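Before any comments, here is the structure.
Remember, predicted model here, so these are calculated numbers, not experimental data. What's counted below: heavy atoms across the whole structure, side chains too, no hydrogens, waters or symmetry copies.
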Amino acid sequence: MDELNIYFDDLCEETQQKVLEFMGIKNPSDGNYDFCPLFVLTRPEED
């Protein structure tokens with residue numbers, strides 16, 4: 001299965017601010033966003 005990790009730094013500045021506000025934090029390092037992906041997209045296996 002192929003995966004694509006999406007990190008905080010992959011987002012545009014406006015979206016980064018929205019994520020921080022949504023999570024109630026001021027600094028991305030408070031959410032470990034510098035090394036943990038926000039989400040992972042997984043490509044389904046083909047039969």
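Remark: N27 engages S29 in a side-chain hydrogen bond (donor to acceptor under 3.5 Å, both in side chains) (not counting sequence neighbours). Every residue two or more places apart in sequence or in another chain that forms a side chain to side chain contact (heavy atoms under 4.5 Å, CB included) with L4 is listed here: I6, L41. Listed by chain and number, the residues in a side chain to side chain contact (heavy atoms under 4.5 Å, CB included) with F22 amount to none (sequence neighbours excluded).
Each side chain to side chain donor-acceptor pair (under 3.5 Å) pair with one or both residues in residues 30-41, not counting sequence neighbours, would appear here, but there are none. Applying the side chain to side chain donor-acceptor pair (under 3.5 Å) definition to pairs two or more places apart or across chains, none involves residues 4-14.
Looking at Q16, its side chain does come within 3.5 Å of a backbone N or O of F8 through a donor-acceptor pair.
In this structure, F35 shares a hydrophobic cluster with no other residue, the cluster being traced through Ile, Leu, Val, Met, Phe, Trp and Tyr side chains under 4.5 angstrom apart.
Rounded to the nearest 0.5 Å, atoms NZ (K18) and SG (C12) are 8.0 Å apart.
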